[in-house]
Chemist: 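Pasting a structure below so you can have a look.
What you see is a predicted model; the values in this text were computed from it and never measured.
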Amino acid sequence: MTQDSDDEIWVVYDGECPLCSRYVLLYQLRERGQRVHLIDARSQHPIVGDIRARNLDLNEGMVVRWRGQYYHGAEAMHLLATLAGEATYFSRLNRLVFSRPRLARALYPALMRGRKLLLRLLGRKLIGEI
């Protein structure tokens, strides 16, 4: 992967998960001048390979790459919450909850369990399952 500019954010999420897909689309990062790349973790995009090479499990959380650093799970949610604006109700609520690192770490496992349950109920497989 090439070096990121300071205004580029790469968000790698599960495109098969309706909650994950909706969540990343609700962000208002662009209003603050960031260039946002939304990447489906199930794709063959080179950043997905980078993430796997770093042993970051995409079934255990989304990954955000910003300024050359990788943030996984609760850290990714925390980063996105601090970078997002406050133009919408969702952005304000998300920032209120996930801009607190301890709260983000406490809530994130429940979100992942909910994601896995939803995928199972919809008959969809986890990332990387055949």
Chemist: Okay, side chain of Arg124, backbone of Arg120: is any donor-acceptor separation there less than 3.5 Å?
Modeler: no
Chemist: Any side-chain heavy-atom pair from Ile9 and Arg67 closer than 4.5 angstrom?
Modeler: no
Chemist: Between atom CG of Asp40 and atom CG of Leu58, what is the distance when rounded to the nearest 0.5 Å?
Modeler: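 Spacing of CG (Asp40) from CG (Leu58) equals 10.0 Å.
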Chemist: Ignoring hydrogens and angles, tell me if any N or O in the side chain of Ser21 forms a donor-acceptor pair with the backbone of Gly15 under 3.5 Å.
Modeler: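 Yes, because the side chain of Ser21 sits within donor-acceptor range (under 3.5 Å) of the backbone of Gly15.
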Chemist: On the 0 to 90° scale, with breaks at 30° and 60°, tag the Trp10-His45 ring pair as parallel, tilted or perpendicular.
Modeler: tilted
Chemist: Quick one: CZ on Arg54 to OH on Tyr70, what's the gap to the nearest 0.5 Å?
Modeler: 4.5 Å
Chemist: Please report the interatomic distance NE2(His37) to CD1(Ile47), rounded to the nearest 0.5 Å.
Modeler: 8.5 Å
Chemist: Quick one: does Val63's side chain get under 4.5 Å of Tyr71's, heavy atoms only?
Modeler: no
Chemist: Supply the atom-to-atom distance Arg95 CZ to His78 NE2, rounded to the nearest 0.5 angstrom.
Modeler: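 Rounded to the nearest 0.5 Å, the CZ-NE2 separation comes out at 9.5 Å.
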Chemist: Work out which heavy atom in Ser99 is nearest to a heavy atom in Ala81; give both atom names and the distance.
Modeler: N-CB, 3.8 Å
Chemist: Could you measure the distance from the SG atom of Cys17 to the CZ atom of Arg42? Nearest 0.5 Å is fine.
Modeler: 8.5 Å
Chemist: In terms of hydrophobic clustering (I, L, V, M, F, W, Y; side-chain heavy atoms under 4.5 Å; direct or indirect links), are Tyr89 and Val97 co-clustered?
Modeler: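 Linked within one cluster.
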Chemist: Mind checking whether Leu19 and Leu122 sit in one hydrophobic cluster, side chains of I, L, V, M, F, W, Y counted as touching below 4.5 Å?
Modeler: yes
Chemist: Please determine which of Asp50, Val12, Ile51 meets the side-chain contact (heavy atoms from CB on, under 4.5 Å) test together with Arg65.
Modeler: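 Output: one option passes, namely Asp50.
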Chemist: With heavy-atom distances below 4.5 Å as the criterion, would you say the side chains of Leu103 and Phe98 are in contact?
Modeler: no
Chemist: Looking only at heavy atoms, which two atoms of Ala74 and Ala104 are closest? And how far apart?
Modeler: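 Answer, listing the atom of Ala74 first, then Ala104: CB-O, 3.6 Å.
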Chemist: Examine distances only and state if a side-chain atom of Asn59 and a backbone atom of Ile127 form a donor-acceptor pair shorter than 3.5 Å.
Modeler: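 The answer is yes, because a donor-acceptor pair under 3.5 Å joins these two groups.
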Chemist: So, do Tyr23 and Met62 sit near enough that their side-chain heavy atoms are less than 4.5 Å apart?
Modeler: yes
Chemist: Hey, what do you get for CH2 (Trp66) to CG (Leu80), rounding to the nearest 0.5 Å?
Modeler: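 It is 10.5 Å, given to the nearest 0.5 Å.
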Chemist: Would a hydrophobic clustering, with Ile, Leu, Val, Met, Phe, Trp and Tyr connected at side-chain separations under 4.5 Å, put Leu107 with Leu118?
Modeler: no
Chemist: Please list all pairs meeting salt bridge (charged side-chain N to carboxylate O under 4.0 Å, His left out) that have one or both residues in residues 103-118, counting only residues at least two apart or in different chains.
Modeler: Asp14-Arg115, Glu60-Lys116
